[in-house]
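Note that these values count all heavy atoms, side chains included, but never hydrogens, waters or copies made by symmetry.
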Amino acid sequence: MPVFRTAFNGYAVKFSPFVETRLVVATAQNFGIIGNGRQHVLELTPNGIVEVCAFDSADGLYDCTWSEANENLVVSASGDGSVKIWDIALPPVANPIRSLEEHAREVYSVDWNLVRKDCFLSASWDDTIRLWTIDRPQSMRLFKEHTYCIYAAVWNPRHADVFASASGDCTVRIWDVREPNATIIIPAHEHEILSCDWNKYNDCMLVTGAVDKLIKVWDIRTYRTPMTVLEGHTYAIRRVKFSPHQESLIASCSYDMTTCLWDYRAPEDALLARYDHHTEFAVGIDISVLVEGLLASTGWDETVYVWQHGMDPRAC
């Protein structure tokens, strides 16, 4: 399947919710430590992966998300604390169409509301999460309870007002924007939690991945102990994603340079596949909503791979 080479180190990859052949990749120069960023918009073609357009930023880009309401809008999380909004229908000189600058440190996660479709979240190393709408220059709400860097904030796919956040303070928090404080606090790992995601078929189920190399599946109604613990990665887990097509399927990527697929309902044989196509940290993973079994990954080796589950990502 196709591979695309980026100029900078890959950080995040997301399939379009509108166009099955389109995806975006957030990248950062010099491993995100210092330097510029670039937001790629890519197209899958019979001849491989082709760049539709790219937008440069003054600082590294750590995450990106598509608008759920407009097929041309993309949001990026920037190392300078800003949130960039790009319109891929406009030329690069007209972009970004907005730069939202309220976070005091690196923004590490952005996620668009799947239900209401008119707002999105940004999560930052300043220990806060902010709620934004596309038509307002100021954030609508500040969520400040975590005591260390926030690495991910993800909307519940069924409830318009509910989201989860994962933090270096070793907790996952469940929030309802109608409530003043987090509604549930889960001490999910003994080390920094770098990622979380909701099950697309069960709105009370959450998966977490952490520096302790463990993936844990939680029922937030009975969160004293995890439902399942998945072991197999040998370094920190950078990202976890529940499948939009199969209730029990989870994708993960890790600093051990591998991406894995798991079936959490089969603890004895949970690891379905391990892909080792990256030659540096694998930090971005996504599963297409529109094409069942289609996966994408990116990493610090400056590559983007797109492949069908069961195939070798390197077999172009």
- Query: Heavy-atom distance under 4.5 Å between the side chains of Ile220 and Val172, does that happen here?
  - Reply: no
- With clusters built from Ile, Leu, Val, Met, Phe, Trp and Tyr whose side-chain heavy atoms come within less than 4.5 Å, directly or transitively, what are the remaining members of the cluster of Met140, listed by chain and number? Leu121, Ile129, Leu131, Phe143, Ile150, Trp155, Phe163, Trp175, Val177
- Task: Not counting sequence neighbours, which residues clear side-chain contact (heavy atoms from CB on, under 4.5 Å) with Thr258? List them please.
- Result: His233, Asp256, Cys260, Arg274, Asp276
- Query: Counting N and O atoms only, with roles assigned by atom type, does the side chain of Asn199 sit under 3.5 Å from a partner on the main chain of Glu247, one being a donor and the other an acceptor?
  - Reply: yes
- Query: Would Val207 end up clustered with Ile237 when hydrophobic side chains under 4.5 Å apart are linked, directly or stepwise?
  - Reply: yes
- Smallest separation among heavy atoms of Ala152 and Ala123, with atom names: C-CB, 4.3 Å
- Note on the structure: residues 176-198 vs salt bridge (charged side-chain N to carboxylate O under 4.0 Å, His left out), sequence neighbours excluded, gives Asp161-Arg178, Asp176-Arg178, Asp197-Lys200
- Item | Test of ring centre spacing under 6.0 Å for Trp218 and Tyr223 | no
- Item | Gap separating the OG1 atom of Thr147 from the CG atom of Asp169, nearest 0.5 angstrom | 4.0 Å
- Give a yes or no on whether Ile88 and Leu44 share a hydrophobic cluster (residues Ile, Leu, Val, Met, Phe, Trp, Tyr; joining criterion: side-chain heavy atoms under 4.5 Å apart). no
- Task: I would like to know whether Glu231 and Leu214 meet side chain to side chain contact (heavy atoms under 4.5 Å, CB included); could you show each step before the answer?
- Result: CA-CA 6 Å; Glu231 299 184 54; Leu214 300 177; 3.4 Å; yes
- For Tyr235 and Val211, indicate whether the former's side chain and the latter's backbone hold a donor-acceptor pair under 3.5 Å. no
- Task: List the steps, then state whether side chain to side chain contact (heavy atoms under 4.5 Å, CB included) holds for Cys119 with Thr133.
- Result: CA-CA 4 Å; Cys119 57; Thr133 59; 4.0 Å; yes
- Note on the structure: Sorted by chain and number, sequence neighbours left out, side chain to side chain donor-acceptor pair (under 3.5 Å) with Ser124 holds for Asp126
- Item | Atom of Ser109, atom of Ala77 and distance for their closest heavy-atom approach | N-CB, 4.0 Å
- Message: Treating Tyr264 as the side-chain partner and Ile215 as the backbone partner, does any N or O pair qualify as donor plus acceptor under 3.5 Å?
- Response: no
- Starting at CD1 of Ile193, measure out to SG of Cys149 and round the result to the nearest 0.5 Å. 13.0 Å
- Using a 4.5 Å cut-off on heavy atoms from C-beta on, say whether the side chain of Leu294 contacts that of Val306. yes
- Flag the pair Arg105 and Asp127 as a salt bridge only when some basic side-chain nitrogen lies within less than 4.0 angstrom of an acidic carboxylate oxygen. no
N/O donor-acceptor pairs under 3.5 Å from side chains in residues 280-287, not counting sequence neighbours:
residue: Asp286; atom: OD1; partner: Lys241; partner atom: NZ; Å: 3.4
residue: Asp286; atom: OD2; partner: Phe15; partner atom: N; Å: 2.8

- Query: If you round to the nearest 0.5 Å, how far is CH2 of Trp300 from CE of Met257?
  - Reply: 11.0 Å
- Going by the salt bridge (charged side-chain N to carboxylate O under 4.0 Å, His left out) test, which pairs reach into residues 48-62, not counting sequence neighbours? Arg38-Asp56
- Message: Is there a side-chain contact between Ser78 and Val107 in this structure, where contact means two heavy atoms from C-beta onward sitting under 4.5 Å apart?
- Response: no
- Message: If hydrophobic clusters are built by linking Ile, Leu, Val, Met, Phe, Trp and Tyr wherever their side-chain heavy atoms come under 4.5 Å apart, do Val289 and Leu114 end up in the same one?
- Response: no
- Does any pair with a residue in residues 24-37 pass salt bridge (charged side-chain N to carboxylate O under 4.0 Å, His left out), and if so which ones, sequence neighbours excluded? none
- Tell me, please, which residues at least two apart from Thr303 pass side chain to side chain donor-acceptor pair (under 3.5 Å). His278, Asp301
- Message: Same cluster or not: Leu42 versus Phe18, using hydrophobic residues (I, L, V, M, F, W, Y) connected whenever any side-chain heavy atoms lie under 4.5 Å apart?
- Response: no
- Query: Taking Glu68 for the side chain and Lys117 for the main chain, is one N or O donor matched with an acceptor at less than 3.5 Å?
  - Reply: no
- Item | Ring centers of Tyr108, Trp125 separated by less than 6.0 Å | yes
- Please check if atom CG in Leu90 has more than 12 non-hydrogen atoms from other residues, nucleotides or ligands closer than 6.0 Å. yes
- Applying side chain to side chain donor-acceptor pair (under 3.5 Å) to Asn72 and not counting sequence neighbours gives none
- For the pair Tyr201 (side chain) and His245 (backbone), establish whether a donor and an acceptor sit closer than 3.5 Å, ignoring hydrogens and angles. yes
- Item | Under 3.5 Å: donor-acceptor pair, side chain of Lys14, backbone of Cys64 | yes
- Message: Working to the nearest 0.5 angstrom, can you tell me the gap between Ser57 OG and Asn36 CG?
- Response: 7.0 Å
- Identify, with sequence neighbours excluded, every residue that meets side-chain contact (heavy atoms from CB on, under 4.5 Å) alongside Ile134. Leu73, Ile85, Trp112
- Item | Nearest-0.5 Å distance, OH of residue Tyr11 to OG1 of residue Thr298 | 11.0 Å
- When every non-hydrogen atom of Val115 is compared with those of Pro157, the smallest separation belongs to CG2-O, 3.4 Å
- Query: So, do Lys84 and Gln39 sit near enough that their side-chain heavy atoms are less than 4.5 Å apart?
  - Reply: no
- Message: For residues 202-223, which residue pairs pass the salt bridge (charged side-chain N to carboxylate O under 4.0 Å, His left out) check, not counting sequence neighbours?
- Response: Asp219-Arg221
- Given His146 and Thr171, is the side chain to side chain contact (heavy atoms under 4.5 Å, CB included) satisfied, shown in steps? CA-CA 8 Å; His146 281 294; Thr171 69; 3.3 Å; yes
- Keeping the roles fixed (side chain from Ser248, backbone from Asp263), state whether a donor-acceptor pair exists under 3.5 Å. no
- Query: Does a side-chain heavy-atom distance below 4.5 Å link Ser297 with His277?
  - Reply: yes
- Message: Within the supplied structure, the quantity of interest is the number of heavy atoms (other residues, nucleotides, ligands) at a distance under 6.0 Å from His159 NE2; does it exceed 12?
- Response: yes
- Beyond-backbone contact of Leu61 with His40, side-chain heavy atoms, under 4.5 angstrom: no
- Query: If you look only at pairs with a residue in residues 71-107, which of them pass as a ring-ring contact (aromatic ring centres under 6.0 Å, His included), with sequence neighbours excluded?
  - Reply: Phe55-Trp86
- Is the shortest heavy-atom distance from the side chain of Leu100 to the side chain of Glu102 under 4.5 Å? no
- Message: Taking the ring centre of each residue, are Tyr275 and Trp307 less than 6.0 Å apart?
- Response: yes
- Could you walk me through whether Thr259 and Leu295 pass side chain to side chain contact (heavy atoms under 4.5 Å, CB included), step by step? CA-CA 10 Å; Thr259 59; Leu295 302 164; over 6 Å; no
- Message: In this structure, would Val3 and Val52 fall into the same cluster of hydrophobic residues linked by side-chain contacts under 4.5 Å?
- Response: no
- Task: Applying side chain to side chain donor-acceptor pair (under 3.5 Å), run through Glu101 and Ser99 and close with a yes or a no.
- Result: CA-CA 6 Å; Glu101 299 170 1; Ser99 182; 2.9 Å; yes
- Item | Donor-acceptor pair, side chain of Asp111 and main chain of Val154, under 3.5 angstrom | no
- Kindly compute the distance separating CG (Leu23) from CD1 (Ile49), expressed to the nearest 0.5 Å. 6.5 Å
